[in-house]
Amino acid sequence: MNFEFTEEQLMIQQTAREFAETEIAPTAIERDKEAIFPAEIVKKLGELGFMGMMVSPEYDGAGMDTVSYVLAMIEISKIDASVGVIMSVNNSLVNYGLEKWGSEFIKDKYLKPLARGEKLGAFALSEPEAGSDATHQKTTAVKDGDYWVLNGIKNWITNGQSADYFIVMAQTDPDKRHKGITAFVVEKGTEGFDHGVKEDKLGIRSSDTCSLTFTNCRVPEENVIWEVGKGFNFAMNTLNGGRYGIASQAVGIAQGSFDLALKYSKERKAFGTEIANHQAIQFKLAEMATKIEAAKLLTLQAAALKDEGRNYIKEASMAKLYSSQIAVECALEAVQIHGGYGYVREYIVERLLRDSKITEIYEGTSEIQKIVIARELLRD
Ligand code: CAA
């Protein structure tokens, strides 16, 4: 096993770190407070190649490996997890699936501008009554000549208001359960397609989340991804990739919490010395650092397996399960170490705590990750 990063991977990590510190950090508190979408930042991420990191240059992507993506995601999410999820959805849930299963028409028309960062993508699987139980899709698509007519509602869609292209799963043959689900690309502005109001969230407030409605929305046949009836398999395979993306986001939140806690504990004095000299604080720091290292290794392992073309389903779910859990734990400890200061916006750790919780919920709850892991264990 090789634990050394290549020069290119280190360079990408450094670029992401500098970008996060200089371009993302200055507006993070305000964007969180006012729930402002970071449009300018996303545009610049696109110029750096970070919105199409793993897409091959043939489709205008940066052609980087998954390990580099994980390293970049950690750096960005350390500073602002809202920007992290916007980047993760575009890379993992949209570009990856389109490159792997989209037709040449779809890749040319939709993937290329997404990979260049000129357009933004969203992934619409969840519904008001189909979250964890994703096979029970109620959104329907009925064939009418060269078009599919979509009707239904999608919920909790990250980038829902800001995206240009949406991957939408819908039932095309209800009798066939998940084998009757099909995935489509739907463009913003298509007649009969609208989005709801922005959700007023606990965390990741600078990313936008909303519902989508489809009312007799006509989508051309060539926008079917893979083939009719393959939409659920498409969504599951795509989510495997999303899961190491969110695991990286969670590692970033945990690392950001630790960095701030370490810095504060070396500055703040109590009982005549810096609080870092108290064993109570040292034990917290030691536990946080150990957990972060373990989460990072799990996440990098999933990424490395993917880069080697090996099965990474179990490892991606393990990485997401563990990293999200420790993100919440580390953020809580960081607030505790900061005491009262940890409870106010200026000291940032309160945002990291609010941002951390969603990592245990979206792209498959912790409970769903355990189902996926157990099934893979029993299959082995
Ligand atoms: N990878 C690949 N294929 C998978 C898979 C995986 N991880 N999990 C299931 N499948 C496949 C199965 O092999 C099966 O395929 P075949 O019929 O071809 O053999 C098919 O999917 C159906 O599987 P099951 O019969 O096991 O279905 P189930 O209903 O018992 O369980 C589930 C499926 C794993 C619980 C699934 O519904 C699931 O993952 N739910 C969670 C959904 C989720 O993660 N939602 C996140 C929304 S997206 C989001 O949050 C994005 C955002 O904006 C940030």
Side-chain angles (χ1 to χ4, degrees), residues 73 77 81-97 100-101 120-137 139 154-163 166-169 171 173 176-183 195 198-199 201 203-204 207-212 226-227 229-250 302 305-306 310-321 324 355 357-379:
M73 270 294 299
S77 305
S82 289
V83 178
V85 72
I86 296 165
M87 181 174 150
S88 177
V89 165
N90 205 68
N91 278 283
S92 302
L93 293 188
V94 179
N95 291 346
Y96 170 69
K100 189 142 173 116
W101 290 285
L120 186 66
F123 181 86
L125 175 69
S126 300
E127 298 189 351
E129 291 174 65
S132 291
D133 188 5
T135 59
H136 281 88
Q137 296 282 300
T139 298
K154 294 288 172 183
N155 247 21
W156 316 122
I157 308 305
T158 304
N159 298 343
Q161 294 201 335
S162 310
F166 295 76
I167 293 181
V168 181
M169 269 48 74
Q171 268 294 353
D173 190 345
K176 291 189 181 159
R177 198 175 158 256
H178 71 277
K179 290 190 191 296
I181 294 172
T182 302
H195 61 70
K198 199 189 265 191
E199 301 290 352
K201 300 180 304 234
I204 55 162
S207 70
D208 78 62
T209 309
C210 65
S211 60
L212 308 175
W226 198 351
E227 55 188 72
K230 289 281 192 195
F232 192 74
N233 292 73
F234 167 82
M236 287 298 106
N237 280 296
T238 305
L239 276 167
N240 292 328
R243 285 164 187 168
Y244 58 69
I246 299 305
S248 317
Q249 183 200 29
L305 286 172
K306 176 166 177 285
R310 293 164 64 189
N311 187 332
Y312 60 94
I313 295 177
K314 182 181 70 192
E315 289 75 10
S317 279
M318 285 177 164
K320 182 183 183 282
L321 174 67
S324 57
D355 287 354
K357 184 58 199 171
I358 191 63
T359 64
E360 292 187 306
I361 299 172
Y362 60 17
E363 299 203 19
T365 59
S366 296
E367 291 74 12
I368 289 292
Q369 304 312 323
K370 289 177 195 173
I371 290 174
V372 174
I373 295 164
R375 286 181 181 178
E376 291 299 308
L377 289 173
L378 294 169
R379 206 194 308 278

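In listed order, ligands and their atoms are each counted from 1.
- Of the candidates R243, E363, M236, M236 brings a heavy atom nearest to atom 10 (N) of ligand 1.
- At least one N/O-N/O distance between S132 and ligand 1 falls below 3.5 Å.
- The nearest protein atom to atom 34 (C) of ligand 1, hydrogens excluded, is given as R375 NH1, 4.0 Å; this is a heavy-atom distance.
- For the pair V85 and ligand 1, the shortest N or O to N or O distance does not fall below 3.5 Å.
- The shortest contact between atom 7 (N) of ligand 1 and any protein heavy atom is with N240 OD1, 2.9 Å.
- Both the backbone and the side chain of T158 come within 4.0 Å of ligand 1, counting heavy atoms alone.
- One option in H178, E127, R177 has a heavy atom closer to atom 17 (O) of ligand 1 than any other, and that option is H178.
- Salt bridge status for K370 with E367: absent, with no side-chain N to carboxylate O gap under 4.0 Å.
- When heavy-atom distances to ligand 1 are checked against a 4.0 Å cut-off, N159 has no atom that comes that close, whether in backbone or side chain.
- Residue contacts with ligand 1: S88 is excluded, as none of its non-hydrogen atoms falls under 4.0 Å.
- For atom 21 (O) of ligand 1, the closest heavy atom belonging to the protein is F232 CE2, 3.4 Å.
- The shortest N or O to N or O distance between S126 and ligand 1 is not below 3.5 Å.
- Only the side chain of L93 comes within 4.0 Å of ligand 1, counting heavy atoms alone; its backbone N, CA, C and O stay farther away.
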